[in-house]
2 protein chains.
Amino acid sequence: MVHPDEIYRRLERFPRLCREAGLKVTPQRSAVYAMLAATDSHPTPEAIHQAVRRELPNLSLATVYKVLDQFLDHGLVLKVSKPEQAARYDARVDGHHHLVCESCGRIGDIVIEPLNDALSQIPVAEGFQVRRVEVVLQGLCSECAAEAQARQA
Amino acid sequence: MVHPDEIYRRLERFPRLCREAGLKVTPQRSAVYAMLAATDSHPTPEAIHQAVRRELPNLSLATVYKVLDQFLDHGLVLKVSKPEQAARYDARVDGHHHLVCESCGRIGDIVIEPLNDALSQIPVAEGFQVRRVEVVLQGLCSECAAEAQARQA
DNA sequence: TTAGATGCAAATCTTTTGCAGTGCG
DNA sequence: CGCACTGCAAAAGATTTGCATCTAA
């Protein structure tokens, strides 16, 4: 769960980030961002839509997609790659990585310092300009691993 | 482009890999694997289908999807995460990473030793069992970077 | 005032599924 | 010969688009 102070910091900088990105601060954008800022569950556009709808009943799923795309373009959110179907988003944008459970689909955060160190000194290969790096660890979360073990025994 | 010797090695071990995986060696599977083994272009299921169809005109796209899924399950291929739409596959399964061009969508391979070193000593976080690690470097390939620069000047 | 945003519905694209028929081992 | 595999067509999801209508700056 996200620390209240961190949520506060995210919400506080939101208007500035929008201005810098040339995006208008609309109720829809604020609500989508606020929802994302308060969770570390890496929700899908669909889940975000469901949640935000409680406040803005007219919010359309298409708008959620558009807003998320814009946020992504301007670095306000991250999009987590998906060995599965629906995209996942994250308001945390500092150097961290993702644990994706192949069984239940849950996505967790992890910070691996040596990995960050290695990533920061990546040689620029053959003129390729690296803009973002994504590291996804796929496997089984502790619950699913325990379950698999139990089933086997 | 893939070295002929490497293509040969891949094709040679294919029947054994199938047997070990409990998969029958069908013409469809052989053709799909052969196509993938001979390229490093990380083709989509659609592209694979188009290519293999020249030999097996009746091959259905659904079968391509099924076959790729099975190959993936048994480690014969990798699936590259997609900040875009369609999935991409790769018959190269040793420790390497991917460069994804945000402009043209091309996917290249890269080996970064220090990164492999860091990955090999990942602490098993909170009981999470890591089975695969995927590293994707997003940015601009040399051509697109040059183009962007030219457009700006 | 007006460029940019939203909502809706339809379109598009990717992937999955059910099932009858086929073929590998 | 039996069970796994394939092809087809239809379904299911996810995401995008066109356009008329609003609204933040």
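On a predicted model such as this, the values are computed, not experimentally measured, just so you know. The sequence lines fix the lettering, A, B, ..., with proteins before strands; numbering per chain opens at 1.
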Pull out every protein N or O sitting under 3.5 Å from an N or O of nucleotides 17-20 of chain C, one pair per line with the distance.
{"residue": "C:dG18", "atom": "O6", "partner": "B:Lys66", "partner atom": "NZ", "Å": "3.3"}

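The shortest heavy-atom contact between A:Ala31 and A:Glu55 is CB-OE1, 4.5 Å. Here the closest heavy-atom approach between residue A:Val25 and residue A:Pro15 is recorded as CG2-CA, 4.2 Å. Residue B:Leu61 comes nearest to B:His49 through the heavy atom pair N-NE2, 3.4 Å, listed as atom of the first residue, atom of the second, then distance.
Between B:Thr26 and D:dT6 there is a side-chain polar atom (N or O) within less than 4.0 angstrom of OP1 or OP2. Here A:Ser60 does not reach the OP1 or OP2 of C:dT6: none of its side-chain N or O atoms lies under 4.0 Å away. Contact check, A:Gln28 against D:dT23: no side-chain N or O comes under 4.0 Å of OP1 or OP2.
Straight-line distance from the NE2 atom of B:His74 to the P atom of D:dA4: 12 Å, rounded to whole Å. Between A:Gln50 atom CD and D:dG13 atom C1' the separation is 15 Å, expressed in whole Å. In this entry the distance linking CG of A:Leu68 with P of C:dT6 reads 11 Å, nearest Å. The distance from atom CD of A:Gln70 to atom C1' of D:dT15 is 15 Å, rounded to the nearest whole Å. Across the protein-nucleic acid pair, B:Arg19 atom CZ and D:dA4 atom P stand 18 Å apart, rounded to whole Å. The CG-C1' distance, from A:Asp69 to C:dT6, rounds to 15 Å in whole Å. Rounded to whole angstrom, the span from the OH atom of A:Tyr65 across to the C1' atom of D:dT17 amounts to 14 Å. Atom CG of B:Leu72 is separated from atom P of C:dT16 by 11 Å (rounded to the nearest Å).
The aromatic rings of A:Tyr33 and A:Phe14 lie parallel to each other, with less than 30° between the two planes, well short of the 60° mark. Relative orientation of the B:His42 and B:His98 rings is perpendicular, given thresholds of 30° and 60° on the angle between their planes.
Remark: side-chain polar atoms of B:Arg10 are not paired, donor with acceptor, to backbone N or O of B:Ala38 under 3.5 angstrom.
Residue order along DNA chain D, read from the 5' end via each residue's closest nucleotide, puts B:Leu23 first among B:Leu23 and B:Pro57. Between B:Lys24 and B:Glu46, the residue whose closest nucleotide on DNA chain C is further toward the 5' end is B:Glu46.
With D:dA24, D:dC5, D:dG7 as the choices, the nucleotide that has an atom nearest any side-chain atom of A:Pro27 turns out to be D:dA24. The B:Leu61 side chain lies nearest to C:dT15 when the options are C:dT15, D:dT16, D:dG7.
Taking the charged nitrogens against the carboxylate oxygens, B:Glu6 and B:Arg9 do have a contact shorter than 4.0 Å, which makes a salt bridge.
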